[in-house]
Amino acid sequence: MSDDELKDFYRWLVTLRLLDQRAWNLQRQGRIGTYPPYSGQEACQVGTAAALEPEDWICASYRDWAALAYRGVPLSYPLLNSMGHPDAGKIPESINALPVQVVIAAQTLHAVGLAWASQLQNQDRVAVAFCGDGATSQGDFHESLNLASVIQAPVIFVVQNNQWAISMPVSRQMHSKTIAQKALAYDIEGIRVDGNDIIAVYQTVKKLAAQVRQGGGPVLIEAVTYRLGAHTTADDPTRYRSQEDDRRLSQGEPIGRLQRYLRDAGLMSDQDFAAVDENAKTKVDEAVEAAEAYPKSDPESVFSHVYAELSEPLKDQRTAFRQTVQPGGAKLG
Amino acid sequence: MSDDELKDFYRWLVTLRLLDQRAWNLQRQGRIGTYPPYSGQEACQVGTAAALEPEDWICASYRDWAALAYRGVPLSYPLLNSMGHPDAGKIPESINALPVQVVIAAQTLHAVGLAWASQLQNQDRVAVAFCGDGATSQGDFHESLNLASVIQAPVIFVVQNNQWAISMPVSRQMHSKTIAQKALAYDIEGIRVDGNDIIAVYQTVKKLAAQVRQGGGPVLIEAVTYRLGAHTTADDPTRYRSQEDDRRLSQGEPIGRLQRYLRDAGLMSDQDFAAVDENAKTKVDEAVEAAEAYPKSDPESVFSHVYAELSEPLKDQRTAFRQTVQPGGAKLG
Amino acid sequence: MAKLTMIQAINQALGIAMERDERVMVLGEDVGKNGGVFRATEGLWERFGDHRVVDTPLAESAIIGSSVGLAIGGMRPVAEIQFFGFIFEAMDQIGTQASRIRFRSQGRYHVPLVIRAPFGGGVRTPEIHSDSIEAFFAHMPGLKVVIPATPYQAKGLLLSAIQDPDPVLFLEPMRLYRAGREEVPDDWYELDLGKARITRPGDAVTLIAWGPMVPVAEQAADRAAVDHISVEVIDLATLNPLDTATIITSVEKTGRAVVVHEAARSGGFGAEVSAQIQEHAFLSLEAPVIRVTGYDTPFPVPSIEDFWLPDADRLYQAIQAAIRY
Amino acid sequence: MAKLTMIQAINQALGIAMERDERVMVLGEDVGKNGGVFRATEGLWERFGDHRVVDTPLAESAIIGSSVGLAIGGMRPVAEIQFFGFIFEAMDQIGTQASRIRFRSQGRYHVPLVIRAPFGGGVRTPEIHSDSIEAFFAHMPGLKVVIPATPYQAKGLLLSAIQDPDPVLFLEPMRLYRAGREEVPDDWYELDLGKARITRPGDAVTLIAWGPMVPVAEQAADRAAVDHISVEVIDLATLNPLDTATIITSVEKTGRAVVVHEAARSGGFGAEVSAQIQEHAFLSLEAPVIRVTGYDTPFPVPSIEDFWLPDADRLYQAIQAAIRY
Ligand SMILES: Cc1ncc(C[n+]2csc(CCOP(=O)(O)OP(=O)(O)O)c2C)c(N)n1
Ligand SMILES: Cc1ncc(C[n+]2csc(CCOP(=O)(O)OP(=O)(O)O)c2C)c(N)n1
Ligand SMILES: [Mg+2]
Ligand SMILES: [Mg+2]
């Protein structure tokens with residue numbers, strides 16, 4: 001990796017971390033709704049996203065905004081999403097990524113299908129399925145890995161093992177010592193990587209993506225990381241994890257690490273770091289502004305994307321709906 | 001194993017094989033409906049069932065009548081089942097087994113629950129989940145193994161790898177070379193056993209059942225066998241498997257093998273074998289007779305076991321139903 | 001034009017859809033070499049190869065979930081669920097995924113997926129193989145539900161379903177697969193989704209059915225005709241979107257309606273039809289809408305199913321009851 | 001007797017059920033140390049230990065499937081599905097297993113299982129967390145479906161559900177968890193399953209609701225009262241088995257009925273209620289049964305849900321429409 005690439009990573013991580021923290025605060029101020037912070041997992045997400053080709057697919061869960069952002073989804077989207085705006089699902093046309101999805105592990109099968117479609121159409125695209133440690137318990141996770149292995153689909157499963165599924169530690173989720181070893185059940189390659197080390201994540205995914213793209217079959221990556229914050233703004237982790245453990249595990253977080261590396265290698269100075277912080281602040285301010293200035297959604301739009309064409313019954317329902325809503329969007333009554 | 005036990009096994013296998021063949025013929029004669037033959041898999045099923053304690057649980061699929069029969073379910077039950085008689089599901093009170101179940105892999109979770117219940121109530125019971133190679137692709141299979149491993153439930157998963165799931169060869173079902181290795185995903189013990197060798201199956205299950213009973217956690221057994229016949233009477237295997245392969249794989253079938261062993265060891269003579277055949281014929285004749293003489297089910301019984309008590313709506317529906325059926329059970333109209 | 005059974009018509013539709021559009025592919029359990037347990041996909045594997053006719057592992061959620069990805073990725077998957085009762089395993093991928101991708105992505109993505117499944121009773125299957133649970137799917141916004149009742153209908157509706165940009169559940173009445181033959185054009189033709197079909201005109205009672213109950217309804221209508229009761233039989237063909245107009249026009253004329261389905265009574269789709277009739281044709285109704293349905297029990301074992309399933313007798317009695325009310 | 005919120009009443013019910021019967025256990029995601037994401041199981045893990053209050057892996061099919069085994073094996077599992085929308089993952093274990101074991105085994109086995117799930121809108125959740133899909137379950141013979149609308153109801157119905165020998169789906173309206181307090185006896189008491197409850201007597205219009213829509217219905221009734229329209233509000237409390245008698249008696253008196261639910265309109269349980277009313281009270285009806293429901297779209301994002309959900313206005317208008325018909 002070039003020095004510039006590393007510095008760029010740093011800029012991304014810092015910006016994304018700040019965005020995440022800002023989102024948390026916005027929720028606390030009542031300006032956005034429930035929000036699932038990704039702090040601590042930026043390296044897994046950005047490292048993976050950066051290692052892909054532009055046309056590759058990403059299938060994300062609710063916590064994977066850092067990956068989407070790196071791919072080009074505006075920074076305002078996670079905020080819009082927590083503001084309950086429908087457009088947060090409208091991934092810009094130029095980006096091959098599915099909107100975030102909350103049903104645990106369901107997106108892993110979509111990734112298999114997308115990879116399969118690429119295979120059938122000789123598109124050379126790889127699909128990445130992000131999911132969490134908790135997701136490995138779901139039937140869909142298993143069905144994904146099995147199907148992908150049988151058809152040798154070009155999928156990379158990236159499990160972010162952040163140690164927790166809400167209040168459930170990994171040890172209650174599985175009896176196996178690692179997630180990577182689950183690859184053995186499917187005779188595919190399984191790798192455990194330090195998910196807090198963006199260079200390791202990037203290089204692992206880079207290498208595996210090439211291999212997968214060349215028809216080497218699916219791979220399973222366990223990126224070991226730590227969820228620095230709560231599960232969501234509605235969660236209180238002090239109920240179930242000790243401050244002690246928390247302190248210990250937080251130390252490995254990816255930004256401090258990359259910063260130390262950059263400093264030790266003489267690549268960035270304190271001044272540079274301050275500039276990055278400054279720049280991040282600007283970008284995050286802009287994102288907040290963009291989200292808050294984003295046009296309100298027309299309530300009636302709820303009918304617009306159920307089917308390609310509005311069916312007769314839905315037309316009637318929309319007419320009835322209109323009678324309950326004022327033109328400006330306020331509720332009648 | 002004692003000589004007598006081996007001879008008893010032989011008697012069971014021969015009787016069950018004959019029953020299976022008779023069932024096939026009865027279907028062809030239109031005397032019973034669709035039937036799923038277990039020929040070739042008797043050793044897996046009887047060997048396993050024999051290695052259990054009387055109170056242990058068995059959770060069977062549609063093809064596991066040999067296991068149930070060995071546990072004491074009357075030989076007439078598989079016939080009654082294919083005659084569409086509801087009582088085929090009524091496992092006699094003395095036997096801890098669930099009725100056969102067709103939704104692939106669903107029963108594996110019931111086995112986990114039963115084992116768990118035993119654990120919680122200190123009953124020292126082990127639960128056996130039978131399923132097929134095809135069943136390993138289902139989400140429920142994975143969720144079973146994972147949950148069982150986490151709670152260290154006393155379950156034995158017996159996967160009868162009969163090489164086929166209807167027309168799908170194992171190689172299309174999974175990319176892994178074995179099923180046993182799937183245990184590695186859960187850090188539980190996985191064992192591959194020759195499922196056509198009843199002694200091997202028996203001894204393997206015996207040993208593992210003891211271990212499981214003592215709290216050693218769940219185990220996965222892959223019993224490698226071969227489905228000698230069609231998937232069911234509605235299936236035509238010549239569409240998808242070659243006579244060549246079929247001939248080769250049929251050779252390992254369990255009865256011939258046990259017979260050769262008994263003969264070579266001088267334990268049974270041709271006369272003894274003939275006597276076993278004779279006895280089997282009698283038993284199977286009796287089973288057919290019992291099934292055909294079994295009182296017809298009262299159509300109205302369809303309302304009897306929906307809930308413990310008939311709800312008001314169901315009472316009304318039963319009244320309406322009665323008006324469409326003659327007292328003798330014939331349809332009015 | 002040849003006289004085809006329904007299963008042949010379906011097979012032919014799949015064949016010409018695959019010929020015409022490279023993106024169309026068939027996937028499911030035993031759909032390849034074996035040609036499907038009912039032979040719906042017979043010969044397709046030989047014609048189109050194993051990239052387009054794919055035997056999947058035994059996992060319904062994987063079949064539908066990967067189809068969602070295939071569809072978004074530019075293919076036009078036609079997925080087979082071997083028996084409708086096994087669709088329970090794929091409920092999440094249908095109910096929260098396939099049917100909501102367009103909505104979730106605000107139109108950026110859509111899922112042109114057809115899910116085919118044989119369904120219904122009368123053919124003496126083991127447990128779970130005969131269930132009629134179409135009502136679940138008619139209650140899933142974003143999904144269409146189509147049910148043919150004849151070979152001609154089956155082919156035309158299936159081709160439309162494959163052309164449709166949104167996910168369509170296509171339910172095939174098992175007992176009609178080989179129950180009769182009908183002239184079916186050799187070529188491509190489409191029948192509009194969302195349109196009901198009057199199969200017998202009449203003016204005294206409207207009898208509403210779909211799938212396996214359509215011939216039963218016609219039988220009952222024939223019997224009523226002998227008694228000079230003129231029954232109009234409507235085959236809904238699509239449950240969602242429902243062709244309310246055809247139903248209401250008929251009931252406004254007849255003033256009486258009977259709706260029939262195999263599914264359990266409570267919460268069955270008959271309730272929706274009944275509710276809509278009384279909403280839209282209240283003043284025309286001379287009698288309550290009568291539902292003739294399966295009972296609120298699991299689908300019974302084969303020795304009991306003939307007693308349990310709605311038949312022409314029960315329908316005829318309902319017609320009489322509607323008339324005499 | 002103390003004034004409790006619904007979530008407290010549920011928590012108390014679980015506690016005394018576990019105290020009284022060793023076989024009762026609670027399992028699900030985050031139900032242990034965390035006390036459940038809504039705190040329904042708060043304190044139980046501390047009181048009863050981790051054998052009886054079990055955090056399961058994140059797998060709904062496993063939760064229900066293993067509960068089926070637990071129940072057959074002599075336990076009385078109370079399983080939590082964290083949000084109703086995730087029950088899609090367990091559909092098979094509910095629809096073909098829990099609900100059919102008694103039938104399949106002809107009474108040899110039964111499944112005393114309670115499945116608790118928070119449901120409904122109005123609380124600004126992410127996608128899939130607010131779905132009202134109760135209609136699916138009211139169409140599953142062998143299962144009971146119970147929905148409390150007040151703290152007192154919640155405790156009594158939950159205790160009955162836990163006592164019931166058959167599987168019960170117990171749906172808890174999220175937005176009523178902490179919406180108000182009610183006097184709830186400290187001890188054990190049971191409320192009959194399968195009995196509707198008249199929460200406001202009236203004689204001009206019958207308004208039928210369940211769960212989260214009950215207070216909305218009461219609000220609408222209050223508003224109507226100002227206009228001297230006397231509305232009888234029925235809380236169904238149990239959808240299966242349905243208390244048809246209470247509904248019909250009321251409609252025979254009022255001649256008019258409005259039924260309300262959050263769920264999508266087509267195929268919602270309102271259709272069943274409507275169908276039954278016109279079946280059994282046809283001659284009493286002065287106006288069609290009106291349904292006020294969610295629309296046939298996926299549940300909308302938070303910024304739109306207030307527009308989408310049925311509210312007292314829409315109900316009031318429906319009451320007016322019924323009166324003026
Ligand atoms: C099928 C399903 N069940 C339950 C939930 C509720 N839920 C949301 S997130 C979560 C934990 C997920 O843990 P993990 O997969 O490790 O991802 P993480 O939240 O740690 O990123 C749960 C139980 C859900 N969204 N989907
Ligand atoms: C969930 C589900 N999907 C599909 C089927 C239809 N089906 C019945 S048996 C079978 C193959 C099962 O193969 P395997 O698990 O190897 O068991 P075997 O029949 O070989 O004993 C299939 C696909 C089913 N019963 N359940
Ligand atoms: Mg996690
Ligand atoms: Mg097999």
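Computed from a predicted model, the values in this text were never measured in an experiment. In what follows, chains carry the letters A, B, and so on, assigned in the order in which the sequence lines appear, proteins first and then strands, with residues in each chain numbered from 1.
Residues passing the salt bridge (Lys or Arg N to Asp or Glu O under 4.0 Å) test with A:Glu289: none are found, sequence neighbours excluded.
Remark: D:Trp308 CH2 to A:Phe303 CZ distance equals 9.0 Å, nearest 0.5 Å. Note that CZ of D:Arg124 and OG of A:Ser82 are 13.5 Å apart. Values are rounded to the nearest 0.5 Å. Note that the CD atom of D:Glu29 and the CD1 atom of A:Ile166 stand 7.5 Å from one another [nearest 0.5 Å]. Taking CD1 of A:Ile104 as the reference point, atom CD of D:Gln82 lies at 9.0 Å (rounded to 0.5 Å).
Per-residue counts of heavy-atom pairs under 4.5 Å with chain D were compared for A:Pro86, A:Gly139, A:Ala88; the largest is that of A:Pro86.
When heavy atoms are compared at a cutoff of 4.5 Å, D:Glu89 approaches chain A solely by way of its side chain, counted from C-beta outward. Contacts of A:Ser301 with chain D are made by side-chain atoms alone, with heavy-atom separations under 4.5 Å and no backbone atom involved. Contact annotation for D:Thr297: both backbone and side-chain heavy atoms come within less than 4.5 Å of a heavy atom of chain A. Proximity to chain A is absent for every atom of D:Thr125, based on heavy atoms less than 4.5 angstrom apart. The part of A:Leu314 that comes within reach of chain D is its side chain, from C-beta onward, which places non-hydrogen atoms under 4.5 angstrom from that chain. Heavy atoms closer than 4.5 Å to chain A are found in both the backbone and the side chain of D:Tyr295.
Without hydrogens or angle criteria, A:Arg172 side chain to D:Asp55 main chain gives a donor-acceptor distance under 3.5 Å.
No side-chain heavy atom of A:Val103 sits under 4.5 Å from any side-chain heavy atom of D:Phe88. Annotation: side chain of D:Pro57 is in contact with side chain of A:Gln173 (closest heavy-atom distance under 4.5 Å). A heavy-atom distance below 4.5 Å is not found between the side chains of D:Asp313 and A:Thr324.
Counting heavy atoms of neighbouring residues, nucleotides and ligands inside a 6.0 Å radius, atom CD of A:Glu300 exceeds 12 of them. Heavy atoms from other residues, nucleotides or ligands lying under 6.0 Å from CD of A:Gln29 number more than 12.
Residues A:Met168 and D:Asp30 share a closest heavy-atom pair of CG-OD1, 3.4 Å. Residues A:Gln138 and D:Ala59 come closest through the heavy atom pair NE2-CA, 3.9 Å. Counting all heavy atoms, side chain and backbone alike, D:Pro302 lies closest to A:Gly84 at CD-CA, 3.5 Å. Closest approach of A:Ala135 and D:Leu58 over heavy atoms only: N-CD1, 4.4 Å. Taking both residues in full, the closest heavy atoms of D:Asp296 and A:Val306 are given as O-CG1, 3.9 Å, listed atom of the first, atom of the second, then distance. Closest approach of A:Pro299 to D:Ile304, counting heavy atoms only: O-CG2, 3.7 Å.
There is no side-chain donor-acceptor pair under 3.5 Å between D:Glu127 and A:Gln101.
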Next item on the list: Mind running side-chain contact (heavy atoms from CB on, under 4.5 Å) on A:Val302 and D:Phe307 for me, showing each step along the way?
Entry: CA-CA 10 Å; A:Val302 76; D:Phe307 298 97; over 6 Å; no
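Ion pair D:Glu42/A:Arg239 flagged as a salt bridge, since at least one NZ, NE, NH1 or NH2 atom sits closer than 4.0 Å to an Asp/Glu carboxylate oxygen.
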